[in-house]
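Protein chains get the first letters and strands the later ones, always in sequence-line order, with residue 1 at the start of each.
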Number of protein chains: 2
Amino acid sequence: MPAPSSSPSESVVRAWARLERAHRAAQTSVEARLKEAGLPALAWYDALLELERAGSTGLRPFELQREMLFAQYNLSRLIDRLAAAGYVARAASAEDGRGQVLTITREGKAMRKRMWPVYAAAIEDAVGRHLSSAEAATLADLLGRLYSRPAS
Amino acid sequence: MPAPSSSPSESVVRAWARLERAHRAAQTSVEARLKEAGLPALAWYDALLELERAGSTGLRPFELQREMLFAQYNLSRLIDRLAAAGYVARAASAEDGRGQVLTITREGKAMRKRMWPVYAAAIEDAVGRHLSSAEAATLADLLGRLYSRPAS
DNA sequence: TCCATATAGATGCTATTGCATCTATATGGG
DNA sequence: CCCATATAGATGCAATAGCATCTATATGGA
């Protein structure tokens with residue numbers, strides 16, 4: 001009568017618990033740094049970065065949503081705020097009447113750029129400081145496997 | 001003119017980005033599993049587990065707060081909900097007039113136990129499925145370093 | 001002892017999240 | 001062409017998180 005095979009191993013449970021804790025610790029300290037510098041929240045940076053990478057082609061909200069793994073309604077409102085702040089422009093999609101295309105504005109690029117030094121220092125403090133470069137690469141690799149589709 | 005040494009390396013930035021994504025993906029799917037089973041949220045489980053581990057001695061809220069890395073006001077309200085549900089008992093602290101002592105109730109233990117199979121399956125699905133046991137151990141180790149005080 | 005300061009925990013108010021649902025357009029089959 | 005169903009995105013409402021602040025007790029000097 002073996003334990004059910006679906007039961008996670010000890011090390012898996014530990015990895016999960018630490019994923020929660022480590023994320024909470026890092027997230028909290030990064031957000032705090034941005035806030036104390038009078039800058040927008042982390043999610044704004046992430047969205048602006050994706051949009052800047054997408055260039056003048058822009059991105060559809062649902063694409064951004066997949067990229068960021070954000071819930072649809074959360075993204076919808078994040079975009080509202082970004083647009084209200086003038087960092088993102090919404091335009092009706094030419095190919096899809098239901099949709100829109102998002103592009104980053106000049107002000108949006110400027111803000112992302114302005115956030116970077118603070119964000120970078122916060123990342124270094126929350127992550128870099130604790131790991132060698134090789135360890136960070138290993139960590140990135142393992143974490144990547146958690147949300148890429150499995151080989152199945 | 002070297003780049004400022006405080007700037008995180010490429011691999012550190014990647015590790016951070018994936019920590020966000022991986023956590024969001026895993027958290028979302030675990031919460032969804034619990035909800036669809038009609039069970040309380042993840043944070044309830046974590047709190048109940050810590051309290052159960054603490055045994056009849058119980059825990060002070062600030063201890064639980066450190067354990068879970070929860071913000072003070074969030075924990076205060078989480079405890080409200082747990083107490084309202086009858087899963088946690090609050091008693092005035094004998095040694096510290098400002099404080100209280102939390103203990104898990106019989107119902108709290110029962111609920112934690114009831115949540116575990118669902119939670120375990122969700123963890124296996126979100127984490128275990130993607131990693132070998134050794135990889136999970138490595139991941140746990142690296143994540144642990146992010147929130148333990150550095151050697152400094 | 002008395003005061004200044006620190007710590008434990010609660011709480012009013014605002015902002016964000018989550019849920020359920022809604023509208024509108026798209027798409028594939030008959 | 002028409003309908004059933006799927007997808008893009010928005011939104012009302014309830015729950016939770018975040019911020020600032022408050023009360024109460026503790027603690028370490030002068």
K.L.:
I'd like to know if A/Leu48 and A/Trp116 are part of one continuous hydrophobic network [Ile/Leu/Val/Met/Phe/Trp/Tyr, side-chain heavy atoms within less than 4.5 Å].
P.N.:
yes
K.L.:
What parts of residues 31-53 of chain B reach DNA chain C, counting only heavy atoms under 4.0 Å away?
P.N.:
B/Lys35
K.L.:
Do A/Arg145 and B/Glu135 make a side-chain contact, defined as non-hydrogen atoms from C-beta onward lying under 4.5 Å apart?
P.N.:
yes
K.L.:
Among B/Thr105, B/Leu102, B/Thr103, whose side-chain contact (heavy atoms from CB on, under 4.5 Å) with B/Val88 holds?
P.N.:
B/Leu102
K.L.:
On a heavy-atom basis, which atom in A/Ala25 and which in B/Leu69 lie closest, and how many Å separate them?
P.N.:
CB-CD1, 3.9 Å
K.L.:
When you measure from the side chain of B/Gln100 to the backbone of B/Pro61, do you find a donor-acceptor pair of N or O atoms at a distance under 3.5 Å?
P.N.:
no
K.L.:
Angle class for the B/Trp16/A/Tyr119 ring planes (parallel below 30°, perpendicular above 60°, tilted otherwise)?
P.N.:
perpendicular
K.L.:
Name the pairs: protein N/O against N/O of nucleotides 1-3 of chain D, kept only if under 3.5 Å.
P.N.:
none

K.L.:
Determine whether more than 12 heavy atoms belonging to other residues, nucleotides or ligands lie under 6.0 Å from atom CD of A/Glu10.
P.N.:
no
K.L.:
Do B/Trp44 and B/Arg81 come close enough that some side-chain heavy atom pair is under 4.5 Å?
P.N.:
yes
K.L.:
Please list, by residue number, the residues of residues 58-83 of chain B whose heavy atoms come closer than 4.0 Å to an atom of DNA chain C; answer none if no residue qualifies.
P.N.:
B/Arg60, B/Pro61, B/Phe62, B/Gln72, B/Tyr73, B/Ser76, B/Arg77
K.L.:
Specify the separation, in whole Å, of atom CG of A/Leu102 and atom C1' of D/dG9.
P.N.:
11 Å
K.L.:
Grouping I, L, V, M, F, W and Y whenever their side-chain heavy atoms are under 4.5 Å apart, do A/Phe70 and A/Phe62 come out in a common cluster?
P.N.:
no
K.L.:
Determine yes or no for a side-chain-to-main-chain donor-acceptor pair under 3.5 angstrom, with A/Arg18 supplying the side chain and B/Leu146 the backbone.
P.N.:
no
K.L.:
Between the side chains of A/Arg14 and B/Asp141, is the shortest nitrogen-to-carboxylate-oxygen separation below 4.0 Å, so that they form an ion pair?
P.N.:
no
K.L.:
What salt bridge (Lys or Arg N to Asp or Glu O under 4.0 Å) pairs are there with at least one residue in residues 60-74 of chain A, not counting sequence neighbours?
P.N.:
A/Arg60-A/Asp96
K.L.:
Detail all sub-3.5 Å separations between protein N/O atoms and N/O atoms belonging to nucleotides 22-25 of chain D.
P.N.:
{"unit_1": "D/dT25", "atom_1": "O3'", "unit_2": "B/Gly97", "atom_2": "N", "d": "3.4"}

K.L.:
Based on the rotation axes of five pairs at each end, what angle does the helix from C/dT1-D/dA30 to C/dG30-D/dC1 bend through, to 10°?
P.N.:
20°
K.L.:
Decide whether B/Val101 and B/Met68 are clustered together by the hydrophobic rule: side chain heavy atoms of Ile, Leu, Val, Met, Phe, Trp, Tyr closer than 4.5 Å, transitively.
P.N.:
no
K.L.:
With a 4.5 Å cut-off on side-chain heavy atoms, are B/Tyr87 and B/Arg112 touching?
P.N.:
no
K.L.:
Do B/Val118 and B/Met111 belong to the same hydrophobic cluster, where Ile, Leu, Val, Met, Phe, Trp and Tyr are linked whenever their side-chain heavy atoms lie under 4.5 Å apart, directly or via other members?
P.N.:
yes
